[in-house]
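Computation of the quantities below employed the complete heavy-atom set of this structure, encompassing side-chain atoms and omitting hydrogens, waters and symmetry-equivalent molecules. In what follows, residues are counted from 1 in the order of the sequence shown.
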Amino acid sequence: MNTTVLIPVYQPTDTLIALTEALSREGFHILIVDDGSGAAYAPIFSRLEPFAQILSYSENRGKGYALKHGMRRLLSDGTCDALITADADGQHSVRDICRVRDELEQGHSFVLTTRQLHQKGVPFLSRFGNTMSRFICALSGGCYLPDNQSGLRGFSADCLPWLCAIGGDKYDYEMNVLLYAERQELPIRCLPIEVIYLNDNKGSHFDPFRDTVRIYLRVIRTSRVSLLAAALHLLLIGVCSVCFGWNGSALTVPLCALVTMLLSYLGNRFLVFRGLHYACGPRVFLITAFRTLVRCGFCALFHGLTRLPLLAAWLLACILTVPAEYLFLLALGKRRGA
């Protein structure tokens, strides 16, 4: 199998030289994308030329742009059987990169490496940021992943068309990859790897505030149809509550859910994820059914005990069922090995 290691690079250190030489000895084809590092870093790239193919452009565009720039080259060349994305700052060991290649050779189309971030020596911001993104990604994408920020990932070559097509030019691109993979119900092989943080991760160009906000805005944008469907659901329940009261609208809550589920599917299928295989398989149905049944049960309970208006009871049910939904997704994720 012809496997390419794709490394986006911005203002690299000598760490990249050692990594590239080691990967070359392991038989990888290496593609490095210089994301506008500038003339001052030309000596480093000249030392990389014997071991890697180098693409460059003058302006810094972001990690996502660099990844897609390299992927488009691989797609046009047509000689790549699989690709592995890796970071340039020394966070990924050669051994783990080889393990990702082994998983791809066994037939997995998407290998996501996961770090044990509770270990000693992991920076607090990295642990906190990953915990928050796990929670938000699970609820928005309908899937629990133990680590959704690791840059070490493996893909079969048939993933290249949709990887090149999706949005995100900064660090938000990697989160968007997971959301699109989940919407296609692409099987994700989670592979635990060791945690390496050199000099307290000071070599990373990740901005904890700006890039985190950018990631969450990308999640909202990709999930916009589902969010609009949820807002429509609340509107329909409010209208039913005002027009018919509880007795007339109790049965319409599930009906409203079915209507908004259909609209959400059509919007995602033909707007957000148009041109891609948008799946709506048993797992999606199971998650949606669980969410709706639990919320309807809580809604009926709150209204019966407190005589809250239907809309208020539904809003309270939505808030209080979030932990239950997250635990349910966590259980599903562990069951499939995530």
Please say yes or no: joined through hydrophobic side-chain contacts below 4.5 Å, possibly via intermediate residues, are [X] and [Y] part of one cluster?
{"X": "I54", "Y": "L16", "answer": "yes"}
{"X": "I319", "Y": "V322", "answer": "no"}
{"X": "L228", "Y": "L235", "answer": "no"}

When rounded to the nearest 0.5 angstrom, what is the spacing between [atom1] in [X] and [atom2] in [Y]?
{"X": "H92", "Y": "L23", "atom1": "NE2", "atom2": "CG", "value": "11.5 Å"}
{"X": "L19", "Y": "I30", "atom1": "CG", "atom2": "CD1", "value": "7.5 Å"}
{"X": "T321", "Y": "Y326", "atom1": "OG1", "atom2": "OH", "value": "15.5 Å"}
{"X": "T114", "Y": "L145", "atom1": "OG1", "atom2": "CG", "value": "9.5 Å"}
{"X": "N176", "Y": "Y173", "atom1": "CG", "atom2": "OH", "value": "8.5 Å"}
{"X": "L75", "Y": "D158", "atom1": "CG", "atom2": "CG", "value": "11.0 Å"}

Can you check whether [Y]'s main-chain N or O pairs, donor with acceptor, with [X]'s side chain at less than 3.5 Å?
{"X": "D35", "Y": "P8", "value": "no"}
{"X": "K68", "Y": "I166", "value": "yes"}
{"X": "Y180", "Y": "G167", "value": "no"}
{"X": "D81", "Y": "M1", "value": "no"}
{"X": "N2", "Y": "T79", "value": "yes"}
{"X": "S76", "Y": "R72", "value": "yes"}
{"X": "T85", "Y": "G151", "value": "yes"}
{"X": "E182", "Y": "L178", "value": "no"}
{"X": "S46", "Y": "P43", "value": "yes"}
{"X": "K170", "Y": "R61", "value": "yes"}

Within the 4.5 Å heavy-atom criterion, are [X] and [Y] side-chain neighbours or not?
{"X": "R99", "Y": "V111", "answer": "no"}
{"X": "L186", "Y": "W162", "answer": "yes"}
{"X": "S24", "Y": "E21", "answer": "no"}
{"X": "I17", "Y": "I44", "answer": "yes"}
{"X": "I97", "Y": "L152", "answer": "yes"}

Checking side-chain contact (heavy atoms from CB on, under 4.5 Å) for the pair Q106/R189: CA distance, chi angles, key distance, verdict? CA-CA 11 Å; Q106 292 176 21; R189 167 72 170 109; over 6 Å; no

How close do [X] and [Y] get, counting heavy atoms only, and between which atoms?
{"X": "A88", "Y": "I7", "result": "CB-CG2, 3.7 Å"}
{"X": "C190", "Y": "P192", "result": "O-CD, 3.8 Å"}
{"X": "G27", "Y": "R101", "result": "C-NH1, 4.3 Å"}
{"X": "G70", "Y": "L55", "result": "CA-CD1, 4.3 Å"}
{"X": "L104", "Y": "S156", "result": "CD2-N, 4.1 Å"}

If we check side chain to side chain donor-acceptor pair (under 3.5 Å) with S150, which of these qualifies: T113, D96, D87? T113

Which of I84, L191, V177 passes side-chain contact (heavy atoms from CB on, under 4.5 Å) with R153? Answer is V177

Using 30° and 60° as the class boundaries, would you call the ring planes of Y57 and Y65 parallel, tilted or perpendicular? perpendicular

Given L112 and D147, is the side-chain contact (heavy atoms from CB on, under 4.5 Å) satisfied, shown in steps? CA-CA 8 Å; L112 174 67; D147 184 3; 6.0 Å; no

What I want to check is whether the side chains of D34 and S37 have a donor and an acceptor closer together than 3.5 Å. yes

Assess whether side-chain contact (heavy atoms from CB on, under 4.5 Å) is satisfied between L67 and V33, documenting all intermediate values. CA-CA 8 Å; L67 285 170; V33 180; over 6 Å; no

